[in-house]
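All ligand and atom numbering here is 1-based and tracks the order in the structure. Here the structure is a predicted model, which is why all the values come from computation and not from measurement.
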Amino acid sequence: MDKELNQYKAKRNFEESTEPTGTKDSKQKHGKMRYVIQQHDASTMHYDFRIEVDGVLKSWAVPKGPSTDPNVKRLAIAVEDHPLDYADFEGKIPDGNYGAGPVIVWDEGEYENIRKASMTDALKEGQVEINLKGKKLQGAYALVQTKYQKENQWLLIKMKDEQADARRNPVSTQPESVKSGKKIDEI
Ligand code: MN
């Protein structure tokens, strides 16, 4: 199907890993745009921030995870597009495979584009502003491509609104999966 997923498929061995194969044509229109964050304990711990755009999950790896404090900028490394059904994946990627290690669905929900530009244009411009309706994260977040470093480097920043809260720290206080209730070390 989509050439966007070629990189995703090339990196994985689906005879060993139970991750989605990316072959199902899931580009149906359903109005609601998915948002998910997966905690992933691979070679280093990180949080994979993913949003549905044009039938795939645009993805960034956020080493420290998201913050609810507008004064905190979190590095977000753009990674390969993932298939939409990856948003439901929770499990252990077996040893010896790309991304080996446990994955949990740390947060999930829907999002809205709050810029006038389309999501496709916003991604090209390196300036994404979205409203999250997750179970742990709500409100406006910006993803901003840094102009002065590597092309894959972005920053994930909570925008100032009623959901901004410098005292919350959901990465440490709400570690459990929103799907199974398990923590990453229980997978
Ligand atoms: Mn990952």
Taking the side chain from Thr68 and the backbone from Arg168, do they hold a donor-acceptor pair closer than 3.5 Å? yes
Can you tell me if CG on Asp95 sees more than 12 non-hydrogen neighbours from other groups inside 6.0 Å? no
What I want to find out is whether Glu19 reaches Lys11 closely enough, with some N-O distance under 4.0 Å, to be called a salt bridge. no
Has the side chain of Gln38 got a donor or acceptor atom that lies under 3.5 Å from a matching backbone atom of Val103? no
Please examine the side chains of Ser59 and Asp48, heavy atoms only from C-beta on, and report whether any two atoms are closer than 4.5 Å. no
Using a strict 4.0 Å threshold on nitrogen-to-oxygen distance, state whether Lys183 and Asp41 make a salt bridge. no
Pull up every protein N/O/S atom sitting under 2.8 Å from the Mn ion (ligand 1), skipping waters. His40 ND1, His46 NE2, Asp48 OD2
